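Worksheet: the structure to be examined is printed underneath.
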Amino acid sequence: MKKAILVMLICLLVCTGCSLGKETSERESASRELFAMDTIMTLTVYGEHAQEVLDLAEAEIERLDQMLSTGNPEGEIGTLNRTGKVNLSDDAAYLFEESLKLNDMSENAFNPMIYPVMEAWGFTTDEYRVPSKEEIGQILPLVDLSLAEYQEETGVLQFRKEGVKIDFGGIAKGYTSGRLMELFQENGIEDAVVSLGGNVQVIGKNPKQELWKVAIRDPQDPSGFLGIVRVTDQAVITSGGYERYFEEDGKRYHHIIDPNDGFPADQGLISVTVISRDGTLADGLSTALYVMGLNRAEELWKQHPDLFDAVFVTDSNELYITEGLKECFTSDTYTVKIIPE
Ligand code: ADP
Ligand code: MG
């Protein structure tokens, strides 16, 4: 099922360029599908040396996957979680610093120290279980960024307490798609689109020389789309409770956790898409705004309308967009409500 959805999304992205004009069809292009970071990725680039550039892109994805995967005990994050100390690479140092900013900006809705809680719910092993409130209560004090001490001069990150673990899963894919855009541009590619498990980032234009059209999955019916956003040089990243969850005693438990209580976030949103030039920010904020709920998310956007835009779906099937998307978002299935600045 999940695969079918991804194939549809990939098709939609690629098919926006299906009716190639003569001029553009002569241009070199290449597309590649691969599996990394626990998800299916598709990369499409237009320009000279397209295949070689995709080789570089694939190597970059593998490098970051090895480095950031919590499941790789020898990688940087694996080592940190195992030993409580590691020398951070530039990439991981950047992710740590961005996490601090996101944590601050979202008033703790985004917190990469959530990993021990993810373990308690079985999301890290797929052996799902509902932990008791007492168990969560004992783990929750570990979810605290002040327990991670980073020394900029030496580059060493060290945990101050036993049991603390970190996970950049909430921003790693957005960071990776951002890195790919940089790599494409450094190598002369002006037009490209990548989808990392449905998280999309684009540069330039589609083969028709129009804005890229990115479909956003419908949380009510994840085989369909809630609408389309037309963008250039942006990341379009969605967090949804429908993406990863399990059911027990008729109740659904999803993988976006509220760091304040250690339980799946339940603030009335079922999907949040963030559109921003910055992939890392878009990814982190999609998780954070989901945890914050519509009212607080709206407040945060009003403080930073130039930094990002967002599409929200509530559990009562209402769809809201921030004003910046007024001209570039369309939906056939929802009545679109606009959040003014
Ligand atoms: P996905 O990675 O499935 O596309 P998200 O970007 O929303 O979805 O990230 C969810 C992942 O982020 C979880 O699998 C978990 O590793 C981590 N996570 C969950 N809750 C939080 C949180 N409140 N703050 C930071 N990271 C979180
Ligand atoms: Mg995210």
Side-chain angles (χ1 to χ4, degrees), residues 2 5-6 9 36-41 64-65 68-71 77 81 95-96 98-126 128 136 139-140 142-145 148 165-178 194-201 216-217 219 222 235-246 253-267 269-276 278-293 296-297 308 310 312:
K2 206 168 175 188
I5 295 163
L6 281 167
L9 184 73
M37 298 184 174
D38 239 5
T39 195
I40 297 173
M41 303 186 168
L64 292 171
D65 196 3
L68 301 173
S69 164
T70 49
I77 300 307
N81 287 343
L95 287 173
F96 182 68
E98 289 303 295
S99 294
L100 290 176
K101 282 188 213 159
L102 280 159
N103 178 262
D104 188 47
M105 203 174 157
S106 68
E107 296 171 319
N108 198 38
F110 183 88
N111 193 323
M113 312 288 270
I114 200 76
Y115 197 69
V117 179
M118 300 301 291
E119 286 185 311
W121 285 90
F123 282 114
T124 56
T125 53
D126 292 348
Y128 303 121
I136 290 291
I139 302 170
L140 223 44
L142 301 174
V143 186
D144 177 354
L145 271 161
K165 287 182 185 173
I166 207 164
D167 171 20
F168 292 127
I171 49 175
K173 279 181 279 173
Y175 175 69
T176 304
S177 61
V194 302
S195 167
L196 313 189
N199 294 326
V200 174
Q201 192 158 354
I216 303 171
R217 210 169 290 164
V236 180
I237 297 191
T238 301
S239 286
Y242 60 89
E243 284 173 349
R244 196 143 169 247
Y245 63 86
F246 68 95
Y253 300 94
H254 62 73
H255 73 314
I256 303 169
I257 303 290
D258 186 339
N260 296 307
D261 64 11
F263 277 72
D266 186 18
Q267 294 299 321
L269 291 174
I270 56 173
S271 168
V272 177
T273 302
V274 173
I275 293 110
S276 169
D278 180 339
T280 313
L281 181 92
D283 199 357
L285 278 182
S286 71
T287 309
L289 300 182
Y290 192 102
V291 171
M292 293 167 84
R296 285 178 63 207
F308 70 95
F312 304 98

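Everything numeric in this text was worked out from a predicted model, so none of it was measured. Atoms within each ligand, like the ligands themselves, are counted from 1 in listed order.
The protein non-hydrogen atom at the shortest distance from atom 24 (N) of ligand 1 is Asn111 N, 2.9 Å. At the top of the distance list for atom 7 (O) of ligand 1, counting protein heavy atoms only, stands Ser239 OG, 2.6 Å. Nearest protein heavy-atom neighbour of atom 21 (C) of ligand 1: Thr287 CG2, 3.8 Å. Considering only non-hydrogen protein atoms, atom 27 (C) of ligand 1 sits nearest to Ile114 CG2, 3.7 Å. Shortest contact from atom 6 (O) of ligand 1 to any protein heavy atom: Asp283 OD1, 3.0 Å. Protein heavy atom closest to atom 20 (N) of ligand 1, with residue, atom name and distance, is Ile257 N, 3.1 Å.
Numbered from 1 in the order shown, with element, the atoms of ligand 1 that lie under 4.0 Å from a heavy atom of Ala109 read 22 (C), 23 (N), 24 (N). If you number the atoms of ligand 1 from 1 as listed, the ones under 4.0 Å from a heavy atom of Glu243 come out as 1 (P), 3 (O), 4 (O), 8 (O).
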Practice problem: Decide side-chain contact (heavy atoms from CB on, under 4.5 Å) for Phe168 and Phe96; before the verdict, give the C-alpha distance in whole Å, the side-chain angles of both, and the deciding distance to 0.1 Å. | Solution: CA-CA 8 Å; Phe168 292 127; Phe96 182 68; 4.1 Å; yes
Quiz item: Would Asp283 and Tyr175 count as a side-chain contact (heavy atoms from CB on, under 4.5 Å) if you check the C-alpha gap in whole Å, the side-chain angles of each, and the deciding distance to 0.1 Å?
Solution: CA-CA 8 Å; Asp283 199 357; Tyr175 175 69; over 6 Å; no
Self-check item: From CA spacing to verdict: side-chain contact (heavy atoms from CB on, under 4.5 Å), Thr238, Arg217
Solution: CA-CA 8 Å; Thr238 301; Arg217 210 169 290 164; 6.0 Å; no
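Listing protein N, O or S atoms at distances below 2.8 Å from the Mg ion (ligand 2), with waters left out, gives Gly170 O, Asp283 O, Asp283 OD1, Thr287 OG1.
When Met37, Met113, Met118 are checked for heavy-atom proximity to atom 15 (C) of ligand 1, Met118 turns out nearest. Considering only non-hydrogen atoms, atom 12 (O) of ligand 1 lies nearest to Gly170 out of Pro259, Pro112, Gly170. Among Arg244, His255, His254, Lys173, the residue whose heavy atom sits closest to atom 4 (O) of ligand 1 is Lys173.
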Side-chain donor-acceptor distances from residues 107-115 under 3.5 Å, at least two apart:
from, atom 1, to, atom 2, distance (Å)
Glu107, OE1, Arg296, NH2, 3.4
Asn108, OD1, Asn103, ND2, 2.9
Asn108, OD1, Asn111, ND2, 2.9
Asn108, ND2, Asn260, OD1, 3.3
Asn111, OD1, Met113, N, 2.9
Tyr115, OH, Thr70, OG1, 3.4

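Shown here are the side chain to side chain contact (heavy atoms under 4.5 Å, CB included) partners of Asp266, two or more places apart in sequence or in another chain: there are none. For the side chain to side chain contact (heavy atoms under 4.5 Å, CB included) test, residues two or more places apart in sequence or in another chain that qualify with Ala235 are Gln201, Ile237, Ala282.
Residues Phe246 and Phe123 bring their aromatic ring centres within 6.0 Å.
Pairing each heavy atom of Ile257 with each of Val291, the nearest pair is O-CG2, 3.8 Å. Residue Pro259 comes nearest to Leu140 through the heavy atom pair O-CD1, 3.7 Å, listed as atom of the first residue, atom of the second, then distance.
Listed for the His254 side chain is a donor-acceptor partner under 3.5 Å among the backbone atoms of Ala265. Judged by distance alone, the side chain of Tyr290 and the main-chain N or O of Leu269 form a donor-acceptor pair under 3.5 Å. Between the Asn81 side chain and the Lys165 main chain, no donor and acceptor come within less than 3.5 Å of each other.
Under 4.0 angstrom from ligand 1, the non-hydrogen atoms of Asp167 all belong to its side chain.
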